[in-house]
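Please read the structure below before turning to the comments.
Just so it is clear, the values below take in all heavy atoms, side chains as well, and ignore hydrogens, waters and symmetry mates. The chains referred to below are lettered A, B, ... by the order of the sequence lines, with proteins before strands, and numbering in each begins at 1.
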There are 2 protein chains.
Amino acid sequence: MLSNACKYAIRAMIYLAAGADNHLKVNIKELAAAVDSPLPFTAKIMQSLSKLGFVSSSKGPSGGFFLNTAQLETKLLDIVMAIDGPKELNGCGLGLANCNEQHPCPLHQEYKTIRERFKILLHENTIHSLAQSMKQGNSVLKNML
Amino acid sequence: MLSNACKYAIRAMIYLAAGADNHLKVNIKELAAAVDSPLPFTAKIMQSLSKLGFVSSSKGPSGGFFLNTAQLETKLLDIVMAIDGPKELNGCGLGLANCNEQHPCPLHQEYKTIRERFKILLHENTIHSLAQSMKQGNSVLKNML
DNA sequence: CAAAATTAAGATATTTTTATCCGTTATTAA
DNA sequence: TTAATAACGGATAAAAATATCTTAATTTTG
C-alpha cells in the first residue's frame with residue numbers, strides 16, 4: 001500500500017509526537033531504534049521530512065528532531081502525498097492511466113470506494129492523534145516479542 | 001496497491017475471458033496490444049500464469065493463450081496471492097512485521113477494516129464476472145482517448 | 001576556542017521490480 | 001516434410017526503491 005519510506009516516516013513522526021509535550025529532541029540513533037527502522041535510510045527520510053517542513057531539527061550536541069505545535073497536526077495524507085505521490089491514492093486499480101467515469105476499468109467503482117475510504121482514514125488521522133493512542137499504551141511503533 | 005505485473009496479469013486474463021466463449025486463442029502480440037501492456041514483460045507474466053495453471057496455452061501457428069472453463073472462474077484473490085504474495089494483503093499498514101491484536105500499530109483497526117474490504121473485493125470478483133462487464137460495454141481494459 | 005555531537009548533503013551500493021532480448025521447442029499448415 | 005508461427009526458457013538490461021557510507025556544516029558545551 002505505502003512505500004517503506006512512507007511507513008518509516010509516519011512511525012518516526014508518531015514517535016517524535018509522543019515526546020513533543022516536553023519539547024524532547026530525539027537524535028537519529030534513538031529514533032531509528034525506537035521505530036525499528038534502518039538507521040541510515042531513516043536518516044535520509046528525516047532529512048526529506050525536514051526539508052518539506054514536516055519536522056524540525058537542530059544540529060549539535062543535544063540536538064535532534066522534534067515537532068512544533070503545527071507539525072503535530074500533520075495529517076497522514078499530507079505525508080503520503082509528499083512521499084508516495086498522488087498516483088498511489090488516485091490511480092486506477094488495474095493500472096490504466098486514464099481510467100475514469102467515462103472509461104472505467106472493470107474494477108473502477110468497487111476499487112474507488114475502497115480507495116476513498118483509505119483516503120478518509122489518512123485525512124482524519126493526524127500524527128498527534130495517533131501519538132495519543134500510543135502514549136496511552138493502546139498501540140506500539142516497533143515489533144514486540 | 002498491486003504490482004504492475006499483477007495488474008497486467010488481471011487485465012490480460014479478463015481479455016482472454018472475453019473471447020473464451022468462442023474458444024479463441026490469443027497470441028501475445030494481440031494480447032499486449034489489447035490491454036496496453038509492454039509486450040515482452042507481458043509475455044513473461046503469461047508464462048508464469050501458464051506455469052501456475054491460471055491460463056492455458058498452445059504453441060505453433062494459430063496457437064496462443066486461452067482460458068478453460070475452470071480458469072474462467074479464477075478469483076482475483078488467487079492471482080494477487082500468487083503474484084504479489086500474502087504480505088501485500090495481510091501486512092501491517094505501518095510496516096510492522098508482527099503487528100497484531102496483542103501489539104497493534106496505531107493504525108491497526110482502521111487499516112485492517114479497509115484491507116479486509118479489499119480482500120473481499122478480490123474474493124468476490126472473478127475473471128469471468130469482470131469480463132462480462134467488459135463485454136457488455138460497461139468497462140474497458142486499455143486507455144481510451 | 002576546541003572538541004564532541006549531531007544534522008545535512010552527496011556519492012555509492014544493493015535489491016527488487018520492470019522490461020527486453022535471443023535462442024529453443026513445439027505445432028500447424030502448406 | 002519443410003517453413004512459418006508461437007509459446008518457452010534463460011540471460012541480460014534498465015529503472016526504481018531501498019539502504020549505506022563518507023565528508024561537510026553547524027551547534028553546544030567544557
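Base contact: B:Lys44 has a heavy atom under 4.0 Å from a base atom. If you check every strand for non-hydrogen atoms under 4.0 Å, A:Val26 touches sugar and phosphate atoms only.
Of the candidate nucleotides C:dT28, C:dA8, D:dG9, C:dA8 has the atom lying nearest to any side-chain atom of A:Gln47. When distances are taken from the side chain of B:Phe41 to each of D:dT28, C:dT27, C:dA19, the shortest belongs to C:dA19. Relative to the side chain of A:Pro38, the nucleotides D:dG9, C:dT18, D:dT20 differ in distance, and D:dT20 lies closest. For A:Ser62, taking side-chain heavy atoms from C-beta onward, the closest of the listed nucleotides D:dT28, D:dC8, D:dT20 is D:dT28. For B:Lys59, the side-chain atoms get nearest to C:dA26 when compared with the rest of C:dA26, C:dT18, C:dA8. The side chain of B:Asn27 lies closest to D:dA7, out of C:dA9, D:dA7, C:dT6. Here C:dA19 is the nucleotide among D:dC8, C:dA19, D:dA7 with the atom lying nearest to any side-chain atom of B:Tyr8.
Between A:Ser58 and the phosphate of D:dT26, there is no side-chain N or O to OP1/OP2 separation shorter than 4.0 Å. Within the 4.0 Å cut-off from OP1 or OP2 of D:dA7, not a single side-chain nitrogen or oxygen of B:Ser50 is found. Contact check, A:Ser57 against C:dA8: a side-chain N or O comes under 4.0 Å of OP1 or OP2.
Residue B:Leu52 is grouped with residue B:Met46 when hydrophobic side chains (ILVMFWY) are merged at heavy-atom distances under 4.5 angstrom, including chains of intermediate members. B:Leu107 and A:Leu89 fall within the same hydrophobic cluster, defined by Ile, Leu, Val, Met, Phe, Trp and Tyr side-chain heavy atoms under 4.5 Å apart, directly or through other members.
Side-chain atoms of B:Arg115 come within 3.5 Å of backbone atoms of B:Gly91 as a donor-acceptor pair (strictly under, hydrogens ignored). Judged purely by atom type and a 3.5 angstrom limit, A:Asp78 uses its side chain to pair as donor or acceptor with the backbone of A:Lys75.
Whole-Å rounding puts the B:Leu2 CG to C:dT16 P distance at 20 Å. Rounded to whole Å, the distance from CD on A:Glu88 to P on D:dA16 is 16 Å. In this structure, A:Lys29 atom NZ and C:dA4 atom P are separated by 16 Å, rounded to whole Å. Atom CG in B:Asp36 sits roughly 12 Å away from atom P in C:dA19 (whole-Å rounding). When the P atom of D:dT20 is taken as reference, atom CG of A:Leu39 falls 9 Å away, rounded to whole Å. Spacing between atom CD1 of A:Ile45 and atom P of D:dT20 amounts to 11 Å, rounded to whole angstrom units. Following rounding to the nearest Å, B:Asp84 (CG) and C:dT17 (P) show an atom-to-atom distance of 9 Å. D:dC8 atom C1' lies 16 Å from atom CG of B:Leu31, rounded to whole Å.
Looking at B:Asp84 and B:Ser3, their side chains do bring a donor and an acceptor atom within 3.5 Å of each other.
Toward the 5' end of DNA chain C, the nearer of the two residues A:Gly60 and A:Lys51, judged by each one's closest nucleotide, is A:Gly60. When each of A:Asn4 and B:Met46 is assigned the nucleotide of DNA chain D bearing its nearest heavy atom, the one mapping closer to the 5' terminus is B:Met46.
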Inset, instruction - Any chance you could lay out the salt bridge (charged side-chain N to carboxylate O under 4.0 Å, His left out) test for A:Glu110 and B:Arg117, step after step, and finish with the verdict? - result: CA-CA 10 Å; A:Glu110 290 194 74; B:Arg117 277 179 183 275; over 6 Å; no
